[in-house]
Engineer: 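Below are the structure tokens for one structure; questions will follow.
Hydrogens, waters and symmetry mates play no part in the numbers below; they use all other heavy atoms, side chains included.
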Protein chains: 2
Amino acid sequence: MTTINDIAKMANVSRTTVSRALNNSGYVSEDVRKKIMSIVEETGYMPSVSAKSLRTKRSGVIGIILPRISTETASRLVNGINDVLSKQGFQILLTDTELQKDKEIEYIRLLKSRQVDGIILSATNINDELLQTIQDVDLPFVSLGQDFPGVTSVVYDDYAASVDVTNMLIQKGYDKIAFIGVGEEDPSVGYERKQAYLQTMAKHDLPVQDHWVETGDFSIESGYEGMKRILQNHDAQPNAVFAVTDRMAIGAMEYLKEQGYKIPEDVAVTGIGASVMSKYVSPSLTTVDYFNKEAGEEAARALLGQLQGKNTSKKIKNSYRLILRDSV
Amino acid sequence: MTTINDIAKMANVSRTTVSRALNNSGYVSEDVRKKIMSIVEETGYMPSVSAKSLRTKRSGVIGIILPRISTETASRLVNGINDVLSKQGFQILLTDTELQKDKEIEYIRLLKSRQVDGIILSATNINDELLQTIQDVDLPFVSLGQDFPGVTSVVYDDYAASVDVTNMLIQKGYDKIAFIGVGEEDPSVGYERKQAYLQTMAKHDLPVQDHWVETGDFSIESGYEGMKRILQNHDAQPNAVFAVTDRMAIGAMEYLKEQGYKIPEDVAVTGIGASVMSKYVSPSLTTVDYFNKEAGEEAARALLGQLQGKNTSKKIKNSYRLILRDSV
DNA sequence: GAGTGATGTGTAATCGATTACACATATGAA
DNA sequence: TTCATATGTGTAATCGATTACACATCACTC
């Protein structure tokens, strides 16, 4: 491997000069600069990033922590983040917690030791230890999807979106609306969306049967099972179901279709996420577009902002859009 | 930031001893080891990866180069790779070429300068310069999805799979089979699959009309447009269409449904990829499962093998499975 | 009691870059 | 002519780890 010393020797200058030529810092005469550049070109020399970042404390790498790597949401986020960051010459170091809480903390520390210049975390929960760790590492940091106090966060307006969905259903005449959510440890998806549903129902004086409220785990399967449990109680059947993710909504639809229910005539279904799939299932699924890619871009921009020193902790609320389709 | 020197001072030993305790290399007395460990615990010290990899030439990072970051295939691959690699303590550095050929070469070199310990490339084409670059960087290397001569490659059996799809259609009685492919610069998806289709048709003496063979660009939209062009010629309409990706197949289905064709009665449709979507569109799509996650795992394992010195260039052919559903 | 190998620790060089500081020369102003 | 400033280049310290080598003890063996 050629090093800066090799280049220096070949150009008959000191490595200081080579460094200066490469980084456009300080004075270098035009002749020498050209010579160095041509040698660099020839040899295909690339500076060692380890050496560089050992010295400068910057690595040009941004760490991303995701709860699950292989979801549509995740890949849209990463796509958006990458779009913005790669244009500025940053690379992405990816980690996947596989939904294990303690890994979030572990990875933050790991990324720090890797000298990443900043971290974007898409968390599934909030707890003090996690918050403390974020404080401790003292790096440019952006939370994506959860609102951490004191930390720059790009969030979706979960509450408003879910209110809108519920209202929309009510407006269309559905009065017996069931709900398939996820565990409330997840403030955004679990808690906010459920509260929005419950409070909107209450506001319209619409009763919510206990067995109408089910909890899944994001999977299609769990949506299927949730719907099944809801319908197994025959005396108070809902005429609509609001699932908090598209996948669970599609699971619910599967069960309904299997049992011969007509969608939306017998039971209407809504999801959240605007997955590609939602458009092509039949009937096509009414859902909410959270503009994940834009959220990723937003997060990346917020991080770049911090990298450039403006480290005011900001709260950015990403917009959303209801997509009305045939399942309602 | 605490360094190894700080730890050494606090433990009243030299940094050599600290290093030895941390890496379990050489002798360290039990007393001293315990003392060091407890201090490390307390301070939350983590060694600087830059310093370490500057010295050792290993970074614990594997670079991945993908043509597109936000596709189902990509996220399954990354998922598989990550599963295997993270268990061995490796991190993933992700890059996205956005389908630009020259970026593949650029990123290989970039990753090298970042001291990655190995590279997994999911290429969309093969050319000499690329091959040369792979040779030049002289790193553990695995190609995923394309067969590079002299390079360990994990590939799908594109030819056999496409033969199977075509045969299956023929067996079911379809004799006028159209085809929606992609550009032949992509040896695996563009060339192999098309050849398999053409040759299988020929083998059964089934004619292939010129206008039955269309080229898309992986997008749903391009499948829709391809199908449209195929059907606009009214004198020789096909009764089946073989799209080489699920997304294009779904695009084709959209057009067919829109125009009032019954699937599969009027026109049967098949795809490749076993996307989640394929199961939930209606009718559900007949497709081929390429076991992308397993391919990712396989690639990661092959890379680990090379990392451990067994650097025989291997060819691994991943298996596949036809999934028969209602679109045929 | 001398020799030998195992155990435990430290000294200092090294990896490949950046950068503070010093020094030399050229240029222009006074 | 002289001094200040701009330009161009080099010396050497530094970042935080690893590791070859040296040295000191200790326990055994013969």
Engineer: Looking only at the side chains, is there a donor atom on one of B:Q115 and A:S50 sitting less than 3.5 Å from an acceptor on the other?
Structural biologist: yes
Engineer: Looking across every strand, which nucleic acid part, if any, lies under 4.0 Å from B:T16 by heavy atom: base, sugar-phosphate, or nothing?
Structural biologist: base
Engineer: Please report the closest heavy-atom contact between A:P67 and A:S122, naming both atoms and the distance.
Structural biologist: CD-O, 3.2 Å
Engineer: Return the minimal non-hydrogen interatomic distance between A:S14 and A:A8, and the atom names on each side.
Structural biologist: C-CB, 3.7 Å
Engineer: For DNA chain D, whose closest nucleotide is more 5', that of A:R33 or that of B:T17?
Structural biologist: A:R33
Engineer: Could you please spell out the steps behind the side chain to side chain donor-acceptor pair (under 3.5 Å) verdict for B:D186 and B:Q146?
Structural biologist: CA-CA 9 Å; B:D186 184 325; B:Q146 303 283 357; 2.9 Å; yes
Engineer: Side chains of B:D217 and B:S219: any donor to acceptor distance under 3.5 Å?
Structural biologist: yes
Engineer: Using side-chain contact (heavy atoms from CB on, under 4.5 Å) as the criterion, point out the one residue from A:L85, A:D83, A:N79 that pairs with A:I81.
Structural biologist: A:L85
Engineer: For A:E41, is the CD atom crowded, meaning more than 12 foreign heavy atoms sit under 6.0 Å from it?
Structural biologist: no
Engineer: Considering only heavy atoms of chain A and a distance under 4.0 Å, specify the first and last nucleotide of DNA chain D in 5' to 3' order that meet this criterion.
Structural biologist: D:dA6 to D:dG16
Engineer: Does a side chain donor of either B:Y107 or B:D102 reach within less than 3.5 Å of an acceptor in the other side chain?
Structural biologist: no
Engineer: Count the heavy atoms of every other residue, nucleotide or ligand shown that sit under 6.0 Å from NZ of B:K103, and state whether that count exceeds 12.
Structural biologist: yes
Engineer: In residues 39-56 of chain A, which ones come under 4.0 Å of DNA chain D, going by heavy atoms?
Structural biologist: A:L54, A:R55
Engineer: Residues from residues 19-32 of chain A sitting under 4.0 Å of DNA chain D, heavy atoms only?
Structural biologist: A:R20, A:Y27, A:V28, A:S29, A:V32
Engineer: Charged N to carboxylate O below 4.0 Å: is that the case for A:R301 and A:E298?
Structural biologist: yes
